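To keep things clear, I will list the structure first and then write my remarks on it.
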Amino acid sequence: MLLRSPGLPGAVRQLEAALEAEALKRQYFYDVVSDQQTAEFINGEVIVQSPVKESHSEASENLFTLLKMHVRQNELGIVHHEKALVTLTRNDYEPDICFFGNEKASHITPSQMKYPAPDFVVEVISDSTELADRGVKFEDYAAHGVREYWIVDAVRQTVEQYLLEEGVYKLSIKASAGMIASVAVMGFEIPVRAIFDPSEQLAALRTIVAR
């Protein structure tokens, strides 16, 4: 056990040196990344995202539009799409969709460029991002108290809803049809198909507007 080992001081020094080097890389990331890039800082590395497939883009846009309209109509907070840099203890992410309830939204300023942990996050997986979306991000979002996490697969047309329970995510549902209701976003309930099907999305949008 490291805590009882004579090598503990040396291990601590190594960790401190590694964290200092990582902090310098992170500052470089802040200095050079532009608002035209989709880039993240994960475990000491700058990750520049590849262009996405049409199915990915459409699913993300469909869900964002529905969530944005619901949140705005009910004055529930703020929704961002892709370019909000969520800055956590060690890593920086640009989620596909993120929601901040009114409590957190009240502290967000018009000039803000770095954001705290959201209340709700959606990631639309792709071949290049799935490992991180199901790995480090899954763990990191939970560790920072993100109440709800959806993983959307635009190819298989499924959505997985994870809810935070005692500091870890538990799968609530995985569905390709039926209804899905958010816990973190009060009253937000949509057909799963509305994420993937334009006509279903339009019908769901009309329902939200009519409420």
Side-chain angles (χ1 to χ4, degrees), residues 33 36-43 45-71 79-86 88 91-99 117-144 146-164 168-185 188-208:
V33 70
Q36 302 303 312
Q37 294 174 298
T38 300
E40 300 177 315
F41 187 83
I42 303 177
N43 294 340
E45 300 296 331
V46 178
I47 310 297
V48 178
Q49 302 297 344
S50 303
V52 299
K53 296 177 181 178
E54 175 63 21
S55 59
H56 180 292
S57 181
E58 181 163 343
S60 181
E61 290 281 357
N62 286 346
L63 181 52
F64 168 72
T65 302
L66 292 167
L67 182 61
K68 179 82 170 181
M69 181 60 68
H70 175 80
V71 168
V79 182
H80 281 296
H81 189 223
E82 294 182 354
K83 290 304 296 176
L85 187 66
V86 171
L88 304 183
N91 300 316
D92 301 273
Y93 308 117
E94 290 189 343
D96 287 300
I97 302 170
C98 57
F99 162 77
D119 294 299
F120 171 54
V121 164
V122 178
E123 296 285 9
V124 182
I125 61 173
S126 61
D127 292 342
S128 62
T129 68
E130 184 171 8
L131 185 63
D133 292 339
R134 295 189 181 279
V136 63
K137 291 185 181 183
F138 191 92
E139 181 181 351
D140 220 355
Y141 290 147
H144 287 82
V146 178
R147 293 176 56 200
E148 184 173 0
Y149 182 31
W150 289 11
I151 295 178
V152 174
D153 187 329
V155 174
R156 295 177 176 83
Q157 299 194 348
T158 60
V159 57
E160 299 163 37
Q161 179 188 40
Y162 294 91
L163 302 178
L164 194 62
V168 297
Y169 284 130
K170 301 292 185 181
L171 180 63
S172 176
I173 65 167
K174 178 178 180 178
S176 57
M179 302 294 289
I180 184 168
S182 172
V183 171
V185 187
F188 184 63
E189 183 175 12
I190 59 170
V192 171
R193 295 298 308 153
I195 302 173
F196 309 107
D197 185 305
S199 61
E200 292 278 358
Q201 193 260 4
L202 183 58
L205 189 59
R206 287 171 174 159
T207 298
I208 290 172

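We're numbering straight along the sequence, starting at 1. Everything numeric in this text was worked out from a predicted model, so none of it was measured.
Of the options Tyr141, Phe41, Phe138, a ring pair (Phe, Tyr, Trp, His ring centres under 6.0 Å) to Tyr93 is made by Tyr141 and by none of the others. The side chain to side chain contact (heavy atoms under 4.5 Å, CB included) test with Arg193 singles out one residue from Met179, Gln201, Glu200, and that residue is Glu200.
Summarising the geometry, atom CD belonging to Glu160 is positioned 7.0 Å from atom CD1 belonging to Ile125; distances are rounded to the nearest 0.5 Å. Of the inter-residue distances, the one linking Ile42 atom CD1 with Ile47 atom CD1 reads 5.5 Å to the nearest 0.5 angstrom. Remark: Phe99 CZ to Asp119 CG distance equals 6.0 Å, nearest 0.5 Å. Within the model, atoms NE2 of His56 and OG of Ser60 stand 6.0 Å from one another, a figure rounded to the nearest 0.5 Å. Taken to the nearest 0.5 Å, the CD atom of Glu40 stands 9.0 Å off from the CG atom of Asp92. The line from NZ of Lys137 to CD1 of Ile151 is 10.0 Å long, rounded to the nearest 0.5 Å.
Using a 4.5 Å cut-off on side-chain heavy atoms (C-beta onward), Arg156 and Ser176 make no contact. Here the side chains of Phe188 and Leu66 are in contact, with some heavy-atom distance below 4.5 Å. In this structure the side chain of Leu67 reaches within 4.5 angstrom of the side chain of Val185, judged on heavy atoms. Between Asp133 and Tyr149 there is a side-chain heavy-atom pair separated by less than 4.5 Å. For the pair Val122 and Cys98, the minimum side-chain heavy-atom distance is 4.5 Å or more. The side-chain heavy atoms of Ile208 and Arg206, taken from C-beta on, include no pair separated by under 4.5 Å. Using a 4.5 Å heavy-atom cutoff, the side chains of Val146 and Tyr169 are in contact. At a threshold of 4.5 Å between non-hydrogen side-chain atoms, the residues Leu85 and Glu94 count as touching.
The nearest pair of heavy atoms linking Ala84 to Pro95 is O-CD, 3.5 Å. Across all non-hydrogen atoms, the minimal contact from Ala117 to Val86 is CA-CG1, 4.3 Å. The heavy-atom pair separating Asp153 from Val155 by the smallest distance is OD1-N, 3.0 Å. Shortest non-hydrogen contact noted between Ala154 and Ser55 is CB-O, 3.4 Å. Between Thr158 and Lys174, the closest heavy-atom pair is OG1-CE, 4.3 Å.
The closest donor-acceptor contact from the side chain of Gln161 to the backbone of Ala181 lies under 3.5 Å. In this structure, Thr207 contributes its side chain and Ala203 its backbone to a donor-acceptor pair below 3.5 Å.
For the 3.5 Å distance criterion, the side chains of Ser182 and Glu148 qualify, holding a donor opposite an acceptor.
More than 12 heavy atoms of other residues, nucleotides or ligands lie within 6.0 Å of CD in Glu130, so this atom counts as buried by the packing criterion. In this structure, Leu202 places its CG atom where more than 12 heavy-atom neighbours from other residues, nucleotides or ligands lie under 6.0 Å away.
For the side-chain contact (heavy atoms from CB on, under 4.5 Å) test, residues two or more places apart in sequence or in another chain that qualify with Val192 are Val159, Ala175, Ile180, Phe196. With sequence neighbours left out, Phe120 forms a ring pair (Phe, Tyr, Trp, His ring centres under 6.0 Å) with Trp150. By the ring pair (Phe, Tyr, Trp, His ring centres under 6.0 Å) test, His80 pairs with Tyr115, sequence neighbours left out.
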List the steps and the verdict of side chain to side chain contact (heavy atoms under 4.5 Å, CB included) for Ile190 and Ile195.
CA-CA 9 Å; Ile190 59 170; Ile195 302 173; 4.1 Å; yes

Take Arg147 and Val183 through the side chain to side chain contact (heavy atoms under 4.5 Å, CB included) test and state the conclusion after the steps.
CA-CA 8 Å; Arg147 293 176 56 200; Val183 171; 3.7 Å; yes

Assess the residue pair Glu82 and Thr38 against the criterion (side-chain hydrogen bond (donor to acceptor under 3.5 Å, both in side chains)); give the C-alpha distance rounded to whole Å, side-chain angles, the decisive distance to 0.1 Å, and a yes or no.
CA-CA 8 Å; Glu82 294 182 354; Thr38 300; 5.5 Å; no

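Between Glu123 and Arg134 there is no salt bridge, since none of the side-chain N atoms of the basic residue sits less than 4.0 Å from a carboxylate O of the acidic one.
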